[in-house]
Amino acid sequence: MRIRLIIMVDRLEKQVEEIRAMDRKKHLLELDFLQAQINPHFIYNILETFCMMAELGDNERLGEGIAAMGELMRYNLSGKHEFNLQAELHNVEVYTSLQNFVNNDRIVLSVDSDPSLNAMAIPKLLLQPLVENAILHGMVPRRELHIDLSVRRSEVGVCIRVKKRWKAH
């Protein structure tokens, strides 16, 4: 009887570990899916803007835009699931600079981040969708959109805040 009980406990432990491994795999697949989503409308708008710049002969700014787009794509399409906060903040700055191409430089991003958090590992593309949402729901005609991104320690961990405000352009 005791041997059967030991065998049953061993089987249960193996099943629990298999369930945990499946949960981890499911979480990674969900993260891959979310990170692979690049707003096609954003890409279309950027490419249209680049075409207009090329037609107008604004080659210096076009070159800057293409370099920024390459940097954003390299980051977004990397196989990594997480980066440090400093890299994620840089990606948000690159993304915002590209949004400024489409939105006539009417977006001002201010980042206030605790430097001691720079090396902290976070999921890739955690911040970009927050800033993207502020832009999508914050742009109004003839007004400058100011986005304040704050990353600070809190009593329970880390607090990320995205706040939008407007100024006449």
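Along the sequence shown, residues carry numbers from 1.
Around CD of Glu17, the count of heavy atoms belonging to other residues, nucleotides or ligands within 6.0 Å exceeds 12. A 6.0 Å sphere centred on CG of Leu12 holds more than 12 heavy atoms belonging to other residues, nucleotides or ligands.
Every pair passing ring pair (Phe, Tyr, Trp, His ring centres under 6.0 Å) that includes a residue from residues 96-133 is listed here, sequence neighbours excluded: Phe50-Phe101.
Within the model, atoms CE of Met53 and CD1 of Ile46 stand 9.5 Å from one another, a figure rounded to the nearest 0.5 Å. One distance of note links CD1 of Ile160 with CD1 of Ile122; it measures 6.0 Å at 0.5 Å rounding. Rounding to the nearest 0.5 angstrom, the gap separating the CD atom in Glu88 from the CE atom in Met120 is 10.0 Å. In this structure, His81 NE2 and Leu125 CG are separated by 12.0 Å, a value rounded to the nearest 0.5 Å. Here the straight-line distance linking atom NZ of Lys14 with atom CD of Glu18 works out to 8.5 Å at 0.5 Å rounding. Taking CH2 from Trp166 and CE from Met139, the interatomic distance works out to 11.0 Å, rounded to the nearest 0.5 Å.
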May I have the list of side-chain donor-acceptor pairs in residues 90-99 shorter than 3.5 Å, sequence neighbours left out?
residue : atom : partner : partner atom : Å
His90   : NE2  : Glu71   : OE2          : 2.4
Asn91   : ND2  : Gln128  : OE1          : 3.0
Tyr95   : OH   : Gln99   : NE2          : 2.7
Thr96   : OG1  : Val92   : O            : 2.8
Ser97   : OG   : Val94   : O            : 2.7
Gln99   : OE1  : Asn103  : ND2          : 3.1

List the atom pairs, donor and acceptor, that lie under 3.5 Å between side-chain atoms in residues 112-119 and the rest of the protein, sequence neighbours left out.
residue : atom : partner : partner atom : Å
Asp112  : OD1  : Arg152  : NH2          : 2.4
Asp112  : OD2  : Arg152  : NH2          : 3.4
Asp114  : OD1  : Ser116  : N            : 2.9
Asp114  : OD1  : Ser116  : OG           : 2.8
Asp114  : OD2  : Ser116  : OG           : 3.2
Ser116  : OG   : Arg153  : NH2          : 3.4

>> Let's go through Leu56 and Leu62 carefully: what are the C-alpha distance in whole Å and the side-chain angles of both, what is the deciding distance for side-chain contact (heavy atoms from CB on, under 4.5 Å) to 0.1 Å, and is it a yes or a no?
In response: CA-CA 10 Å; Leu56 295 172; Leu62 176 59; over 6 Å; no
> Taking it one step at a time, do Ile135 and Leu145 satisfy side-chain contact (heavy atoms from CB on, under 4.5 Å)?
Replying inline: CA-CA 8 Å; Ile135 293 169; Leu145 174 64; 4.3 Å; yes
>> For His137 and Lys164: C-alpha separation, side-chain torsions, deciding distance, then whether side-chain contact (heavy atoms from CB on, under 4.5 Å) applies.
In response: CA-CA 9 Å; His137 299 287; Lys164 59 188 179 208; 3.9 Å; yes
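Taking hydrophobic clusters as Ile, Leu, Val, Met, Phe, Trp and Tyr residues chained together by side-chain heavy-atom distances below 4.5 Å, Val162 does not share a cluster with Leu136. A single hydrophobic cluster is seen to contain both Leu77 and Ile43, as judged by linkage of ILVMFWY side chains at heavy-atom distances under 4.5 Å, directly or through other members. Linking Ile, Leu, Val, Met, Phe, Trp and Tyr residues whenever their side-chain heavy atoms come within less than 4.5 Å leaves Ile147 and Val108 in two separate clusters.
Of the charged side-chain nitrogens involved, none lies within less than 4.0 Å of a carboxylate oxygen, so that Asp148 and Arg161 do not count as a salt-bridged pair.
Counting only heavy atoms from C-beta outward, the side chains of Phe83 and Ser78 approach each other to under 4.5 Å. Between Ile66 and Met69 there is no side-chain heavy-atom pair separated by less than 4.5 Å.
Lys80 places no side-chain N or O within 3.5 Å of a backbone atom of Lys124 that could act as its donor or acceptor partner.
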